[in-house]
Every structure is written in structure tokens, then in C-alpha cells.
Chemist: 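Have a look at the structure that comes next, please.
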Amino acid sequence: MTDRPTVDERIARWFEEEGSAEMPGRVLDAAFTRTRSLPQRRPGRAARLVLRRWRTPLLVAAGLVLAGAATAIVGSQLAVERGPDLLTRLREAGVVQVAVRPDHPQVIGANAGLAGFDIDVANELGRRLGLRTDIQPVAATDMLGSDTEPAADLMFPSLGTSASDPARFARSVPYYWWPHYLVVSAASGRSDSGDLAGQAICAVEGDMGESWLRGEGDSVPIDGSVVVTRASDAECLAALADGTVAGLVTAHMGPADLAARPTLAVLRGPPAEPRAVIAALSSGPGALMAEVDITIGELLADGTLTQLSKNRFGGYDLSRSPAQ
Amino acid sequence: MQRDLVVAARDGDHDAFEALAIMVSPRLYSIARLVMRDAHLAEDALQEALVHAWQRLPSLRDPDRFDAWTYRLLVNACADLGRARRRIGAEIRAIPPLASIGDPSGWIADRERLERAFRLLRPEQRAAMAMHYCLGLPAIEIADTLGLPVGTIKSRIHYATQVMRAALEADERPVAVSGGVG
């Protein structure tokens, strides 16, 4: 037994064997049958249709610049910058492409379709901007990823505003504030976050609650606490129930979810997370985002956002900053 | 050469896309098999990833990122399929009892223990492990590929490794205890 491979060597061997499965040829056959019949999705299709109309004047302008000046490169850049901005292009096309997450705060509705707060807000926003909305479910990581062209004209990643890189995205004013709660068992008698010093506390992996517990950004970690991560609020609740952790920070549970659980007590937790609509800076979104900001202000002022929030978040209004 | 194929496929060339798919699919399939723990589901995940790759290829900004991008599409496809299956019901698959006879090196038993431990992991943890072990990628590259914080990937690999080590080490303690599974 002494010459037996180490534990780590055996794990590596297992991966080597398990990772060497031969791929059946039928997979590619099936995939190619589908791709041969499917069109590719070109980014900003509607916007390109409009650009096609502008192509000739732009080419003429660029030609004049090239012919008339030694500063041809600078001139051609100016010519591109003078092209129509995103709002103009969308208004000419009559449609705005919107990306929403396929998960929180969206849900699969009764008719198996995607429904949720972001979709409601996007539709109302589009209606007031005079645009038809073409809504596509896109993972938040894909909206914010740097590999690809923008997933849509407007994107609703439903993450804290700090999640989007300001060098790449324009952000609207927040249209809702998502709360994260520090939660303990009501029977524990704990009434303050300090009561969790030295205890294990659960957060959903990669969520803002994890960052807060780890003391990232402006937050201060709870003295001596140990952060335990799980995949979901439900798993954190299970860890609380079985005593693995003494508390948890919620990720997707809203106030209505907590109100339905009287066995839990809420302590002072992280600040509510402002969530904004974003658009890629590369698309020239300045005028559009100014309109979006004004429209969000109107939706807030006339109570539309409040109503949409109450409809989707169990009667709670998350459309206003908790400081208000 | 691959870059040229990506550029051509991005412009709608089916032949170029299929040549690319043939190049990258064996690696993608290996990852899918590990993550899904089921050959048929792995085939479904790979097929979905390839279809998405074809449809979304025009939005790929940097052709040199094609490989990393397809890994991300695959992991997302695995996650989607995993969610769909959880909605239908938990996967039930018989795992044979621990082999104690005719396994002098103990490898058959090790395999079974590791299989059980790996199945305890969540799909995203399995994906991080598969990319780490099968592709030899460090955490920082996996994070870059999947568009996640490097700390999250390190945490997934650390936890998953602990689970797999524990599965083997439990059997090496002085007092043998039956696994009770099977």
C-alpha cells in the first residue's frame, strides 16, 4: 500500500479517464442539420437596416475627407462619429432590442413563458419611447461579457450597478433597489449583526452578499465570521436549518418571501442594491440613455414603477431608494 | 488557420463553421460528459452549444476568443439542461456497490468513490473542475472564460477538491466504515 498513488494523483487519474470519452459522430450530424437550417443572429439587425440607408452619405463624407485633407484618418473618424446615434437609429427602425435575464427577477409564468419585473419595465419603457420591444433572454454574464458584441440595445442585467464596467457601458438611473437581508433563526435570539461574530454565515456564491460578508468594497466583515457559500438561497436556508451556519445573506429572496417565513429574523444587513438599465458605449447610447433616465423618472413619478413592483414582488414597492 | 475559419463562419460560411465544430467538439464533449454525468445529456448540451455558437457567432468580437467562448456556451447549455432536469425531477441512476473483490490496486473502488463524490457537486463546480483538470486551465483563465470572478472559481475548485479528497480519505481511516450506498 505504501506505493499507492496519492489522493491527488488518483483524482487526476479519474479526470483523465473520465475526460477521454469518445464523442459519437451523431452529435455533430444532428447539430449540423440544425445549423444548416438556422440563420445567424446579426447584432443590431434593425440598427443595421437604418445604417444601410446612411451608408452612401457616410461614404461620400469619408471620401471628401480623404480627398481633401492630409488628416484623412482623423477626418474619417469624425465622419463616423457624426453618424446617427442609437436613439435615432432605433426610432427609424421602430424597435428596440432588449436583453433580460432568464432567471431572477424573471420567472417562468403559468403559460410556460418568461415573465417578470424587468420585462414589465422594458415593455413600459419601450411604449413610452415609442418603440416596439424585442425582448430576448440573455444570461447576465453574457450581457456584461467582453467577448461579444452587445447582446441588445438596452440590457437589464439586474445586478448591482457596480457589476457593469463604466468604461464599456452607460447606466441609467436605478429603476429598483434590490434588498439583501442578513437573516438568522428567530429562535436564536440574535438581534444584531455583532451577535454573529465568530460564526459561519452563508451567502449565495458570487452574489453581492458574499462580497459584503468578505468585507469587499466599503463593507466591514463581521468579526471572525466564516463565509460559507451555497448555490442558492434555498441551500443557505437548509444550512441554517441544519446548524451548519448561524446566519445567511439573501440573494434572491424578497421581502414577501421573508414575510412568509416567521421562523426567520432579519438583522441589519447590506445596503439595498441599485439596479439600472445599461447600454454599450460603443453603440452611441448618449441620447437614448438620457431619454431612458427621463422616462424612468416619469414612471416613478406617476406610480407606474411602484405598481409594477407590487405586482411582481408580492405587494412590496422596491422602486424607491430605501433612503427616500 | 482557426482564426480564418472563425472569420468565415462569422460571415455565414457553414463549411467553415462545421470545420471549427469538428475541431473543438471532442474537448467540449469531454467537459459535457463530466458535468452532466450522462452521455445523452452531454450530447444534448454539446448540440445546444454548437447551435448557439452558430447563431451568435456574428456577435463574437475577437476571433481568437472562439475556443474560450464555446466553453462558456457549453457550460451555460449544461446549466440550462441541468435546471430543466431539476424541474422534471432528480436524476435517478443506479450506482453499483463498492467492488471489494478482484481489485487489488483499489482503483475500481476509488473510481466509484470519486464518481459518487463528483455527483454531489453542483454543475458549476463540476464545470470548474473539468476545465481545470481536463483542459489544464488555471483558475484565472477559467474565470476569464466563464466571465466570473476568479475568487468564485477558486472557491469552486477548492470546495470540489475537498469533497473528492474526503471521499478517498474516508476509506483510508483505520476503522473501515461501509459507504452504505448502492
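For the numbers below, each heavy atom of this structure counts, side chains included, while hydrogens, waters and symmetry mates do not. From a predicted model like this one, the values you see are computed outputs, not experimental measurements. So that the names make sense, note that chain A is the first sequence line, chain B the second, and so on, each numbered from 1.
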Chemist: If you tally heavy-atom pairs under 4.5 Å against chain A, which of B:T152, B:L114, B:D62, B:L146 wins?
Modeler: B:L114
Chemist: Is it the side chain or the backbone of B:I22 that comes within 4.5 Å of chain A heavy atoms, both, or neither?
Modeler: both
Chemist: Checking side chain to side chain contact (heavy atoms under 4.5 Å, CB included) between B:C78 and each of B:E124, B:E48, B:M36, which is the one that passes?
Modeler: B:M36
Chemist: Give the member of B:R156, B:M129, B:H132, B:Q55 that has the highest number of heavy-atom pairs under 4.5 Å with chain A.
Modeler: B:Q55
Chemist: Who among B:L60, B:L57, B:L50 has the most heavy-atom pairs with chain A under 4.5 Å?
Modeler: B:L60
Chemist: With a 4.0 Å cut-off, would you call B:D110 and B:R113 a salt bridge?
Modeler: yes
Chemist: Identify which part of B:L34 has an atom lying under 4.5 Å from any heavy atom of chain A, answering side chain, backbone, both or neither.
Modeler: side chain
Chemist: Return yes if a side-chain donor-acceptor contact under 3.5 Å exists between B:E18 and B:W54, otherwise no.
Modeler: no
Chemist: Closer than 4.0 angstrom, basic N to acidic O: yes or no for B:R65 and B:D144?
Modeler: yes
Chemist: Which atoms of A:R34 are under 4.5 Å from chain B, going by heavy atoms: the side chain, the backbone, both sets, or neither?
Modeler: side chain
Chemist: Which region of B:D64, side chain (C-beta onward) or backbone (N, CA, C, O), has a non-hydrogen atom less than 4.5 Å from a non-hydrogen atom of chain A, or is it both or neither?
Modeler: neither
Chemist: Does A:R10 make a cation-pi contact with B:W107, if we ask for NZ or CZ under 6.0 Å from the ring centre and within 45° of the axis?
Modeler: no
Chemist: Side chain, backbone, both or neither: which part of B:A9 has an atom under 4.5 Å from a heavy atom of chain A?
Modeler: backbone
Chemist: For B:R165, is it the side chain, the backbone, both, or neither that has a heavy atom closer than 4.5 Å to a heavy atom of chain A?
Modeler: both
Chemist: Does one side chain, of A:D8 or A:T6, offer a donor that lies under 3.5 Å from an acceptor on the other?
Modeler: no
Chemist: Taking every heavy-atom pair that is under 4.5 Å apart, which of B:L46, B:L28, B:L73, B:D44 has the most such pairs with chain A?
Modeler: B:L46
Chemist: With a 4.5 Å cut-off on heavy-atom pairs, point out which of A:E22, A:R214, A:E210 contacts chain B the most.
Modeler: A:E22
Chemist: Looking only at the side chains, is there a donor atom on one of A:D207 and A:H252 sitting less than 3.5 Å from an acceptor on the other?
Modeler: no
Chemist: Just say parallel, tilted or perpendicular for the rings of B:Y133 and A:F15, cut-offs at 30° and 60°.
Modeler: parallel
Chemist: Answer yes or no: is there a side-chain heavy-atom contact under 4.5 Å between B:L135 and B:I142?
Modeler: no
Chemist: So for B:R27, is it side chain, backbone, both, or neither that comes closer than 4.5 Å to the heavy atoms of chain A?
Modeler: neither
Chemist: Charged N to carboxylate O below 4.0 Å: is that the case for A:R275 and A:D118?
Modeler: no
Chemist: Using a cut-off of under 4.5 Å on heavy-atom pairs, state which of B:A68, B:G12, B:C134, B:A42 scores highest against chain A.
Modeler: B:G12
Chemist: Identify which part of A:I11 has an atom lying under 4.5 Å from any heavy atom of chain B, answering side chain, backbone, both or neither.
Modeler: both
Chemist: Which bit of B:R122 is near chain A, if near means a heavy-atom gap under 4.5 Å: side chain, backbone, both or neither?
Modeler: side chain
